[in-house]
Each structure stands twice: as C-alpha cells, then as structure tokens.
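In what follows, a structure is listed as structure tokens, so that the remarks can point back to it.
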Amino acid sequence: MSGARRCYPSRWAWGSFLFCCLSLCAASSLLSCPSLCKCNISSLEVDCSGRGLTSVPPNIPQDTRTLLLLNNRLSSLSGKAFSNLSSLHRLDISNNFLDQLPSQLLSDLGNLTELRLRNNSIRSLDRDLLQGLPLLRRLDLSLNGLSQLPSGLFDDLPMLHWLSLRSNRLQSLDRVTFEPLSNLETIQLGDNPWECDCNLRDFKHWMEWFTYRGGKMDELQCTLPKDLRGRDIRMVPVEMFSYCSQLEDENNSGPADKPGPPCTKASPAPLEPDPGLECPQRQRYRPASVRRAIGTVIIAGVVCGVVCIMMVVAAAYGCIYASLMAKYQRELKKRQPLMGDAEGEQEEQRQISSVA
C-alpha cells in the first residue's frame with residue numbers, strides 16, 4: 001500500500017455545490033419569466049396584471065402556483081393557453097374582454113383551487129369547461145353576461161365552497177345544476193333579473209334546503225311579475241306557486257294538434273283500447289317545501305303537547321277525586337259507631353219510662 005492520503009470533499013465544498021445548484025435553479029426561473037411580468041420565486045407567483053396584454057405571454061415557468069392576468073385586454077384564449085401549468089393553484093383572469101372560453105382551457109389544471117373570471121363579457125359556458133378540477137374551492141363568475149348555466153357544469157366540483165354568480169343576466173336556474181355541490185357554503189346570486197315564475201319554483205326549493213343546512217346566500221330579488229318585484233324569492237310563500245301544478249295538469253291533459261308516437265303528449269287518444277299497448281303513468285313531480293315541512297312539525301308538536309297536558313290534568317283530577325272519596329269513606333265509617341251508641345241510650349230511656 002502506498003502512503004498517499006485520500007482526499008475527501010469537505011463540508012464547505014458540499015455547501016458551495018448546493019448553493020450553486022440553487023442559484024442555477026433561481027437563475028433559470030428568472031430567465032424563463034416573461035419580460036412583461038413580475039415573478040416571485042419564493043411564492044411562485046407570476047404577476048402579469050395591468051400590462052395591456054392581448055394574449056397569454058409565453059415562457060411562463062411550469063412550477064407557477066399563482067398566475068395573475070387581470071386588468072388586461074384579453075378577448076380570446078386558445079385551448080392550450082395553460083397546458084404546461086399543471087402546478088397552478090390560483091388563476092385570475094378578471095377585468096378582461098373574454099366572451100367565450102374553450103372547453104379544453106382548464107383541462108390540465110388538476111391542482112387548481114381558485115378561479116376568478118370576474119368582470120368579463122362571458123355570455124355562455126361550455127358544459128365541460130370545469131371538468132377535471134376536483135380541488136377547486138372558489139369560483140367567481142360575477143359581472144358577466146350569463147343568461148343560463150348548462151346542466152352538468154358543476155358535476156365534477158366536489159370541493160367547491162364559494163360561488164359567485166352576481167350581476168349577470170340570469171332569470172331562472174335549474175336545481176339539478178346545483179345538487180352536486182354538496183360542500184357549497186356560500187353562493188352569491190344578487191343583481192340578476194330574476195323572473196319568479198314556475199321556472200324558478202324548483203330552484204326556490206333548493207335554496208330553502210341550502211339555507212336550512214346552514215348555507216349563506218345573499219338576497220335574490222324578483223324582477224317579474226310586478227306584484228313580486230323587489231321581494232326576496234325565499235320570502236315568497238310556496239302557495240303562490242300552486243298554480244304551476246294546475247298548469248302542468250292542463251298541459252298534460254290538453255288536446256294535441258300534431259299526431260305523434262304512442263305514449264307521448266302529442267298522441268291522440270285511441271278510439272279502441274289496445275290491450276297490448278300500455279302507457280306508463282307518469283307521476284307529476286312535487287318538490288318538498290322545507291318551510292312547509294318545518295311548519296307541519298311545529299304544529300304537530302304543539303298539538304301533541306296540548307294532548308299531553310290534557311292527559312296530565314285528567315290524571316291529576318282523577319287522583320284528587322279518588323283521594324277525596326277515600327277520605328269521605330273513612331269519615332263516614334268513624335261516624336257510624338257513634339250513631340249506634342246514641343240510639344241504644346234512647347231505647348234504654350224508653351224502657352225505664354215505660355216501667356215507671
């Protein structure tokens with residue numbers, strides 16, 4: 001063996017190596033930051049707000065957690081605008097001129113937790129726009145031109161807690177669209193031209209259920225009809241929608257002008273019944289009113305309470321009457337021997353007087 005000493009790298013050398021690696025990583029992030037944006041390495045935030053952008057800037061770092069694109073001039077977005085940002089948690093595209101969003105725009109953002117599309121010109125949303133966002137918790141669609149929401153839009157949002165639809169053009173909503181939002185805590189629906197007619201009846205029942213389980217909601221004021229203008233739909237009695245059931249019955253039983261296949265609304269009544277043709281009886285949907293259910297429970301409780309009180313009073317009266325009767329019988333038994341002694345003395349006096 002030779003007497004040469006082996007050389008091992010010192011701790012200072014390892015520290016310098018790690019520092020160089022971190023510096024290179026930071027430098028690469030800085031180099032990949034778009035020229036018109038500000039990048040924060042510690043928070044992994046890219047701020048491109050207020051830059052007058054007409055398109056999403058390229059070369060956004062792939063590890064970006066927050067992307068701010070608000071207060072720009074974006075009027076359209078390509079379906080692959082955010083395809084390389086799978087680590088994105090927060091996306092803000094508020095205060096732009098977007099009128100339509102591609103269905104694949106958010107397909108690669110599986111880690112997204114907050115999406116803000118406030119104050120744009122969006123008039124409609126694709127049903128598949130929010131698919132593949134299981135972690136989304138906050139969604140802001142306020143100050144747009146939405147007049148309706150497609151059924152199934154919120155089907156894949158189990159973690160959504162906060163939703164804003166304020167200041168749109170919504171006149172009615174379908175309760176089926178909101179039923180998958182089991183964890184929703186707050187919803188904003190104000191400043192919309194709501195028509196409080198039969199089309200909003202089922203959604204009214206959903207709102208009552210949502211409020212009953214502790215959800216928070218702002219005022220939803222009616223615009224039409226005139227007699228309900230300015231009133232909160234939740235405060236309108238459910239009896240005012242009773243005519244909706246009558247209209248459904250009339251529409252279902254009314255004569256049809258156009259012939260159609262069997263078992264349809266438009267099919268005329270057959271002259272001779274066919275035993276082989278059986279049309280199923282469709283049951284009319286009657287949504288349950290939470291307010292009416294609560295009122296029924298309260299009334300039933302009051303009636304049961306009154307009945308219980310009457311039974312207690314009757315039992316107490318019976319006990320008091322029984323005790324009084326028992327006391328009367330005891331006193332009566334005590335008096336009978338005394339009455340017998342007095343009669344015996346009178347009989348003896350009569351015998352003595354007769355002898356005398």
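Both backbone and side-chain heavy atoms feed into the values below; hydrogens, waters and symmetry mates do not.
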A quick test of your reading: do over 12 heavy atoms of other residues, nucleotides or ligands sit less than 6.0 Å from CZ of Arg229?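 Atom CZ in Arg229 is packed in, count exceeds 12.
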Within the supplied structure, the quantity of interest is the number of heavy atoms (other residues, nucleotides, ligands) at a distance under 6.0 Å from Glu195 CD; does it exceed 12?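 Enclosed: over 12 neighbouring heavy atoms sit under 6.0 Å from CD of Glu195.
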Before you tell me yes or no, could you show the steps for Asp108 and Ser86 under side chain to side chain contact (heavy atoms under 4.5 Å, CB included), namely the whole-Å CA-CA distance, both residues' side-chain angles and the distance that decides it to 0.1 Å? CA-CA 6 Å; Asp108 296 330; Ser86 59; 5.6 Å; no
Give the cluster check for [X] versus [Y]: same hydrophobic cluster or not, with ILVMFWY residues linked at side-chain heavy-atom distances below 4.5 Å.
X      : Y      : answer
Leu53  : Phe82  : yes
Leu146 : Leu105 : yes
Leu125 : Leu98  : yes
Leu77  : Leu85  : yes
Leu129 : Ile122 : yes

Evaluate Leu74 against Leu69 for side chain to side chain contact (heavy atoms under 4.5 Å, CB included), listing each step before the verdict. CA-CA 9 Å; Leu74 300 174; Leu69 293 169; 4.3 Å; yes
Which class fits the ring pair Trp209 and Trp206: parallel under 30°, tilted 30 to 60°, perpendicular over 60°? tilted
Got a donor-acceptor contact below 3.5 angstrom from the [X] side chain to the [Y] backbone?
X      : Y      : value
Asn183 : Pro158 : yes
Asn144 : Leu117 : yes
Asp140 : Ser142 : yes
Trp194 : Ile233 : no
Asn59  : Cys33  : no
Asn119 : Asn71  : no
Arg127 : Ser151 : yes
Ser49  : Leu68  : no
Asn40  : Ser42  : yes
Asn192 : Asn168 : yes

Apply ring pair (Phe, Tyr, Trp, His ring centres under 6.0 Å) to residues Phe178 and Phe203 and explain how you reach the verdict. CA-CA 9 Å; Phe178 294 85; Phe203 186 70; 5.2 Å; yes
Can you tell whether the side chains of [X] and [Y] come within less than 4.0 Å, N to carboxylate O?
X      : Y      : answer
Asp191 : Arg166 : yes
Asp47  : Lys38  : no
Arg118 : Asp92  : no

Let me see the working for Leu157 and Leu133 under side chain to side chain contact (heavy atoms under 4.5 Å, CB included), right down to the final yes or no. CA-CA 6 Å; Leu157 302 180; Leu133 302 178; 4.0 Å; yes
Nearest-0.5 Å distance that lies between atom CG in Asp63 and atom CG in Leu44: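 The distance works out to 5.0 Å.
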In Å and rounded to the nearest 0.5 Å, what is the CZ to CZ distance from Arg73 to Arg51? 13.5 Å
For Gln188 and Ser164, what are the C-alpha separation, side-chain angles and deciding distance, and is it a side chain to side chain donor-acceptor pair (under 3.5 Å)? CA-CA 5 Å; Gln188 297 180 354; Ser164 179; 3.1 Å; yes
Run Leu228 and Cys196 through side chain to side chain contact (heavy atoms under 4.5 Å, CB included) and show every step you take. CA-CA 8 Å; Leu228 296 179; Cys196 300; 4.1 Å; yes
